[in-house]
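Read the structure below first, then the notes.
In this text, all values refer to a predicted model and were calculated from it rather than measured experimentally. Within every chain, numbering begins at 1; the chains are lettered A, B, ... in the order of the sequence lines, protein sequences first and strands thereafter.
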Amino acid sequence: MDAYDPKQIEPKWQKFWEDRGFFKVKEDPSKKKYYLLEMLPYPSGRIHMGHVRNYTIGDVACRYRKMRGFDVLHPMGWDAFGLPAENAAIKQKTHPAKWTHENIDTMRAQLQSLGFSYDWDREVATCDPDYYRWEQLVFLKMFAKGLVYRKASAVNWCAGCETVLANEQVVAGKCWRCDTPVTQKKLEQWYFKITDYTEELLNDIDDKLQGWPERVKAMQKEWIGKSEGCEIDFEVEVSKEKIRVFTTRPDTIFGVTFMALACEHPLLLKLAEKGGCKREIEKFIAKTAKIERMKRLAGEYEKEGELTGAYCLHPVTKARLPIYAANFVLMDYGTGAIMGVPGHDERDFEFAKKYNLPVKKLEEFVEAKGLGKKTVTFRLKDWLISRQRYWGTPIPVIYCKKCGIVPVPEKDLPVILPKDVSFSGKGGSSLAKHKAFVETKCPQCKAVARRETDTMDTFVESSWYFLRYISPKYNQGPVDPKEAAYWMPIDQYIGGIEHAVGHLIYCRFFTKVLRDLGFLKLDEPVKNLMTQGMVCLGGAAMSKSRGNIVDPDQIIEKYGADTARLFILFAAPVEKDLEWSDEAVEGMWRFLGRVWKGTVDRGPWTMDQQKEAWKHKTIKRVTEDIEKFHFNTAIAALMEYLNSGEMDAETMVILLSPFAPHMAEELWAILGRKESVLKQPWPQWDPKFLENQTMQIVVQVNGKLRGDFEVDAGASEEVIKQKAQELEKVRAHTAGKQIKKIIYVPKKLVNIVVC
RNA sequence: GCCCAGGUGGCGGAAUUGGUAUACGCGCAGGAUUAAGGAUCCUGUGGGGAAACCCUUGCGGGUUCGAGUCCCGCCCUGGGCACCA
């Protein structure tokens, strides 16, 4: 027989699956539906090992579910808008669309060469007008419902990308894409009112996300950052104006010795003027805005304040409290003003005691006296979605001098992103310089008007793409409601942990919005979530900039897709980081070679008790491990099966097929089977073969291992205890000692306790 | 600072309703094959010891006949949040 040659067999079976439409999926009410989804890639150029890992995990789950008789929807698409396409356009003098589509073609071919089981008829690219027109429609519906608004405020600005960023895109004070330190800029921008959904987003974490990792749920709760407290008014001396502070500890009110305001606080300058310290405060504001911002974001930061010269009165004691401007008080959290309680717990506690006020009652006391009221503050802020970039979904809005902000009428959708733009690199969005796009008529008064030239954050596209796969050609809305009712929710979602608070909150938000807009009848999009670890080399995540990349194509070229898939599953548990090892890849190659040889060269074959026992034990282990995503131990079980010398080739090939599908198909054919191995039902194990005729009993003396013996499965406790004591080594340790007691763990162990 | 996850051979990792620690793979050593190398196959492989045995799951206590697993106290690593009032 020929040696194992993946180069020959892999393309052959990929074509076989393709020609027969094996992965095309339709609604099939005779089966149970299973929506399996992996996070879609950004078409950056080539597939990297992180993709291979993510999609191999998904592919095993898909093939397994199909063999278990599920109707599996397993689609793939492209998160195709984004800044790298524009940067490439500038650098390589090409067009973002061309660059993107070429990358998609390359990466699609790479995914196909790995044998992944996608229904390519449902492929979606988010830069396609047929895709983003529905996003624009959703935008308009959200606008009509008040879920989209425009607001001027200090926003995160990345000078490298020349655009604003959402809070979720600022990581440790730096831009998530290019690492440029983020600065603040005052701009008028578009926002999605995600804060309308804060309570629901928070409550559903515990109520409806039982299939999510605790880690992700904890991260989302922290991100939403609910904190309950009290708002209390402090009267300003002389002017009778009131300053409202937020505190989570109203019980510390008697410890207040000063008040501090954020530099952006609207009353600050007025107070400073009154206090005669206007110049000092202005200087302080300028200093804080300029230098401190950078330090603040970097985490190195010194607490500083400046007296306004003004005073406020303690609401209970009427004591005079100095008002400061302070650089650590944030305008966008609470009320932008705090009450200073330097002594915090102990002193406050004593103070309260002195005035005979029970600590627990202070909150009620504050409320009853009308000094303040209970409030809830969240960390989560509205989602800033406008981007000053060309390669994104145009925001469907027109500015008219007379009518103001006018939404584009639905019948005029899509607002198409023009292709004929020039890319200079600097000086703002290319779209804003496109006259024919910018100049338009007001849909209401027909006067000359200007189109919005900002585009949407690319995270908007990925917030609902999973719905488009369901009915990719549907032309009455983003998703066919009937099909959505059948396929949603996503039964299993697989992707990187880095999306825990960005994408995975946004897509939950969008689902709720689409529900409230009448597109869906669903509260949560994802039933079960699996987050896989990173692929590392030399202890650090593989990345182009670090130069520690292993190219998947090289591995496929040298060993084939099956070896690559097997290695990436075997090397580490799926949720942990994986360290790349060329030697371990060799090990997988050897394993597959031995499976090949063992199957192809197998001699006359008859099952016996021993072989049945191995077979059923292996089916059980592999099945249970796949269900739990314990692919590394599932593969180990297959290795042990091979090593046992009791391997039944048919069973081996079927169990191996989700992991190494090409080899499995080839071997299945060599074994003389006509149908594809994918059409085989997943085997069941029969417990009756798992029961051994004999059992091994381990013997301990005082908890230390002293021997073992084989005994008939039906042996009685007395016989076993007797046999245990007769073992030579056991006698050596019990001789001359008194046996206190003998513990028997059925079918496993005897422990003889002596003095 | 607060919260979460983890710490097991030379390495990746198995095993937790408490019951044979180190499965499986890599690496290493010896052997077979080969003119030789590579590839492949076989055997061995936690540490100490001639052996009997003893020691070993980050460290220190505890519970138990028996602890990688449970309890208490520490140390370290990774991740998340953070001048959030």
Side-chain angles (χ1 to χ4, degrees), chain A residues 3 171-172 213-227 229-232 245-250 252 256 259-260 262 292 295-296 299-304 326-330 332-341 344 377-379 497-498 500-501 533 536 566-567 570-573 575-591 593-594 597 621 625 630 632-643 696-708 729 732-733 739-754:
Chain A
V171 180
E214 288 303 324
R215 186 155 72 120
V216 175
K217 292 198 277 187
M219 282 167 79
Q220 293 209 353
K221 282 185 197 169
E222 273 174 3
W223 191 261
I224 292 168
K226 181 176 183 170
S227 84
C230 223
E231 285 184 353
I232 303 172
V245 303
F246 173 76
T247 177
T248 54
R249 297 286 308 276
T252 64
V256 176
M259 173 181 279
E292 298 303 319
K295 284 189 186 165
R296 185 186 288 193
E300 43 187 80
Y301 195 57
E302 225 178 296
K303 252 182 209 167
E304 279 185 325
N327 58 6
F328 60 91
V329 181
L330 308 172
D332 59 358
Y333 186 84
T335 59
I338 62 158
M339 54 186 215
V341 191
H344 224 336
T377 307
F378 293 95
R379 205 188 93 94
I497 187 78
E498 66 273 18
V501 289
C536 303
L566 222 53
F567 165 75
F570 182 70
E575 67 280 358
K576 281 183 71 177
D577 287 352
L578 177 159
E579 179 67 22
W580 185 269
S581 155
D582 287 331
E583 290 85 359
V585 175
E586 291 274 355
M588 288 302 112
W589 166 255
R590 281 198 285 266
F591 167 64
R594 288 199 300 269
K597 214 160 162 272
R621 286 175 69 185
D625 281 348
H630 291 180
N632 55 333
T633 49
I635 293 166
L638 291 174
M639 289 172 167
E640 284 184 63
Y641 191 33
L642 175 74
N643 296 344
Q696 190 197 26
I697 301 295
V698 169
V699 186
Q700 299 178 334
V701 178
N702 284 353
K704 287 192 191 229
L705 180 69
R706 297 299 175 192
D708 56 41
K729 275 195 183 174
H733 284 91
I739 293 174
K740 262 168 79 179
K741 61 175 159 179
I742 299 176
I743 287 147
Y744 175 58
V745 180
K747 298 177 182 179
K748 270 188 189 156
L749 171 144
V750 175
N751 188 13
I752 299 162
V753 185
V754 298

Next item on the list: Answer with base, sugar-phosphate or nothing: what part of the nucleic acid does A/K704 contact at a heavy-atom distance below 4.0 Å?
Entry: sugar-phosphate

Note to self: Please encode protein proximity along nucleotides 15-26 of chain B as a string of B, S and -, counting only heavy-atom distances under 4.0 Å.
What the structure shows: ----BB--BBSS

Next item on the list: Say whether, by atom type as modelled, one donor and one acceptor occur between the side chain of A/D625 and the main chain of A/N632 under 3.5 angstrom.
Entry: no

Next item on the list: For the side chain of A/H733, starting at C-beta, report the closest nucleotide among B/C53, B/G13, B/A85.
Entry: B/C53

Next item on the list: Using heavy atoms to find the nearest nucleotide of RNA chain B for A/F378 and A/A732 separately, return the residue whose nucleotide is more 5′.
Entry: A/A732

Margin query: Taking any heavy-atom pair under 4.0 Å as a contact, classify A/A218: base, sugar-phosphate, or nothing.
Written below: nothing

Checklist line | A/M219 CE to B/A5 P, straight-line distance once rounded to whole Å | finding: 14 Å

Checklist line | Of A/E222 and A/A337, the one whose closest RNA chain B nucleotide lies more 5' | finding: A/E222

Note to self: Measuring to OP1 and OP2 of B/C3, would you say a side-chain N or O of A/K217 lies under 4.0 angstrom away?
What the structure shows: no

Notebook entry, point to check: CD1 of A/I752 versus P of B/C65: gap in Å, rounded?
Noted result: 16 Å

Check: Do the ring centers of A/W580 and A/F567 come within less than 6.0 Å of each other?
Finding: yes

Next item on the list: Measure from CD on A/E575 to P on B/G12 and round the result to the nearest Å.
Entry: 16 Å

Next item on the list: May I have the distance from A/E214 (atom CD) to B/G80 (atom C1'), rounded to whole angstrom?
Entry: 14 Å

Next item on the list: Provide, to the nearest angstrom, the distance between the OH atom belonging to A/Y333 and the P atom belonging to B/C81.
Entry: 15 Å

Note to self: Could you spell out the base pairing of RNA chain B as a dot-bracket line? Use Watson-Crick and G-U wobble contacts where both distances are under 3.5 Å, [ ] for crossing pairs, | for partners on a different strand.
What the structure shows: (((((((..(((......[....)))((((((.......))))))(((....)))..(((((..]....))))))))))))....

Check: In terms of heavy-atom contacts, does CZ of A/R215 have more than 12 from other residues, nucleotides or ligands at under 6.0 Å?
Finding: no

